[in-house]
Amino acid sequence: TLYKMSMTQEKLSELYSIACLNAHTLLDELYESVHTPDGDPLISPDEVKSVRQKFLSKIRHELELIQSASDEASEMQ
């Protein structure tokens with residue numbers, strides 16, 4: 001028989017925290033990325049779209065980690 005270790009609530013919460021902290025860091029980086037090195041905001045819609053798409057993919061990854069952790073914890077109960 002296979003033995004499954006249950007995920008503790010503390011471990012699940014820690015995984016949520018890590019993913020949220022990573023997403024927050026990405027949002028900070030996004031803010032910096034929609035500005036020039038001199039601090040002026042990007043104006044070109046194409047430039048903004050490119051930056052947005054790059055960060056959207058990374059932030060979605062963190063959200064998927066939250067869902068995966070929840071799915072795993074649910075399966076172990």
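Predicted model, so just to flag it, every value in this text is computed and none were measured. Any value given below was found using the heavy atoms of this structure, including those in side chains, with hydrogens, waters and symmetry copies removed.
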Taking atom [atom1] of [X] and atom [atom2] of [Y], what is their separation to the nearest 0.5 Å?
{"X": "Leu26", "Y": "His61", "atom1": "CG", "atom2": "NE2", "answer": "9.5 Å"}
{"X": "Leu63", "Y": "Asn22", "atom1": "CG", "atom2": "CG", "answer": "11.0 Å"}
{"X": "Ser57", "Y": "Phe55", "atom1": "OG", "atom2": "CZ", "answer": "11.0 Å"}
{"X": "Thr25", "Y": "Glu62", "atom1": "OG1", "atom2": "CD", "answer": "9.0 Å"}
{"X": "Lys58", "Y": "Leu27", "atom1": "NZ", "atom2": "CG", "answer": "12.0 Å"}
{"X": "His24", "Y": "Glu29", "atom1": "NE2", "atom2": "CD", "answer": "11.0 Å"}

* Measure across Ser70 and Leu12 and return the closest heavy-atom pair with its distance rounded to 0.1 Å. =>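 For Ser70 versus Leu12, the nearest heavy atoms are N-CD1, 4.0 Å.
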* **Distance-minimising heavy-atom pair for Val51 and Ser33** => CG1-CB, 3.6 Å
More than 12 heavy atoms of other residues, nucleotides or ligands under 6.0 Å from [atom1] of [X]: is that the case?
{"X": "Gln9", "atom1": "CD", "answer": "no"}
{"X": "Tyr16", "atom1": "OH", "answer": "yes"}
{"X": "His35", "atom1": "NE2", "answer": "yes"}

* To do: Before giving the answer on side-chain contact (heavy atoms from CB on, under 4.5 Å), spell out for Ile66 and Cys20 the whole-Å C-alpha distance, their side-chain angles and the decisive distance to 0.1 Å.
  => CA-CA 8 Å; Ile66 291 171; Cys20 288; 3.9 Å; yes
* Cluster question for you: counting only ILVMFWY and a side-chain heavy-atom cut-off of under 4.5 Å, with indirect links fine, are Ile59 and Val48 together? -> yes
Who are the side chain to side chain contact (heavy atoms under 4.5 Å, CB included) partners of [X], not counting sequence neighbours?
{"X": "Ser44", "result": "Asp46, Glu47"}
{"X": "Lys11", "result": "Met7, Thr8, Glu14, Leu15"}
{"X": "Ser74", "result": "none"}

